[in-house]
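Here's the structure we're looking at; comments come further down.
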There are 2 protein chains.
Amino acid sequence: MPLKVRKNQSPDPPQPCMLTHCMAVISGAWAANVIWSLRAGPRRFNELRADIPPISAKVLSTRLSELEQRGVLSRNVQPTSPPSVEYMLTDLGGELVPALEAIVEVGHRLKMRDGG
Amino acid sequence: MPLKVRKNQSPDPPQPCMLTHCMAVISGAWAANVIWSLRAGPRRFNELRADIPPISAKVLSTRLSELEQRGVLSRNVQPTSPPSVEYMLTDLGGELVPALEAIVEVGHRLKMRDGG
DNA sequence: TAACCAGGTTTCCTTTTGGTAACTCGATAA
DNA sequence: TTATCGAGTTACCAAAAGGAAACCTGGTTA
């Protein structure tokens, strides 16, 4: 007879929806790094490029508008000349920081395990 | 004069390396969901497919071998007939669970914000 | 002896992604 | 009047990733 699919303690909805939803926010290339860079305060476009060396202007720009649109960060144009633009985490974005810290924690152990 | 790139409190190495490293583990399609499904105990291949309906056999299979190779989960063949295969989190994999819980937390608020 | 089971793998195709490099804009400095 | 700056955008391209569906294996059951 076919094996039974055992009940799992964790019902699929609603948790994994949230998981999927939030993973979508931090999954794009460099998205987590952008948030990480902003956790210590506001940064300008070119500062972020310097923080995250391999990122291209195109991808950074894409990522910033996605994150802004999702309410994770805010974009503030300073009326200087030339205008400079500062990005900073919103309250919501700030809530991602502990999650990323937990991820960094695990990063350490993964590193120890397969890289010395 | 050109704007200065301000020092950020967070040095780029070594933290974002860890972040990038660990994000790579949980970034593949459905990787986080697989870990989430396993957090309550071992599951078989077809159980995982049932837990995560839109996942294809190919992607699940790919994801499982990546996660095994990275030491996040273990694969145990039961000598039954036909043999059944159980996957479960390793200790290392278990350490990802709090990180995912933090992410789910934020998922809730993101949902409230842009979806009601 | 034909069909079914678990647990995959293979093939093929489409979509998504990210990278490079060149270009834009309005304002200011040389 | 030409170059420079910050902050992007655009066009183009290559690679990677994911989905669908068919196939495989060895043992079992109808």
Which salt bridge (charged side-chain N to carboxylate O under 4.0 Å, His left out) pairs, counting each pair once, include a residue from residues 69-92 of chain B, with sequence neighbours left out?
-> Arg6(A)-Glu86(B)
Taken in chain and number order and not counting sequence neighbours, the residues that satisfy side chain to side chain donor-acceptor pair (under 3.5 Å) with Glu105(B) are Arg109(B)
Could you list the residues that satisfy side chain to side chain donor-acceptor pair (under 3.5 Å) with Glu68(B), not counting sequence neighbours?
-> none
Could you name each residue pair satisfying salt bridge (charged side-chain N to carboxylate O under 4.0 Å, His left out) that touches residues 23-36 of chain A, not counting sequence neighbours?
-> none
To the nearest angstrom, the CD-P distance between Glu68(B) and dG7(C) comes to 15 Å
Rounded to whole angstrom units, what separation is found between the CZ atom of Arg43(B) and the C1' atom of dG8(C)?
-> 18 Å
Does Trp30(B) put a side-chain nitrogen or oxygen below 4.0 Å from OP1 or OP2 of dA17(D)?
-> no
Donor-acceptor pair, side chain of Thr90(A) and main chain of Gly71(A), under 3.5 angstrom | yes
Nucleotide N/O to protein N/O under 3.5 Å, stretch nucleotides 5-15 of chain D:
unit_1: dA7(D); atom_1: OP1; unit_2: Val85(A); atom_2: N; d: 2.7
unit_1: dG8(D); atom_1: OP1; unit_2: Arg75(A); atom_2: NE; d: 3.4
unit_1: dG8(D); atom_1: OP1; unit_2: Arg75(A); atom_2: NH2; d: 2.5
unit_1: dG8(D); atom_1: OP2; unit_2: Tyr87(A); atom_2: OH; d: 2.5
unit_1: dT9(D); atom_1: OP2; unit_2: Ser61(A); atom_2: OG; d: 2.4

Applying side chain to side chain donor-acceptor pair (under 3.5 Å), name anything that partners Thr20(A), two or more places apart in sequence or on another chain.
-> Asn33(B)
Calculate the interatomic distance between Arg63(B) atom CZ and dG7(C) atom C1'; express it in whole Å.
-> 18 Å
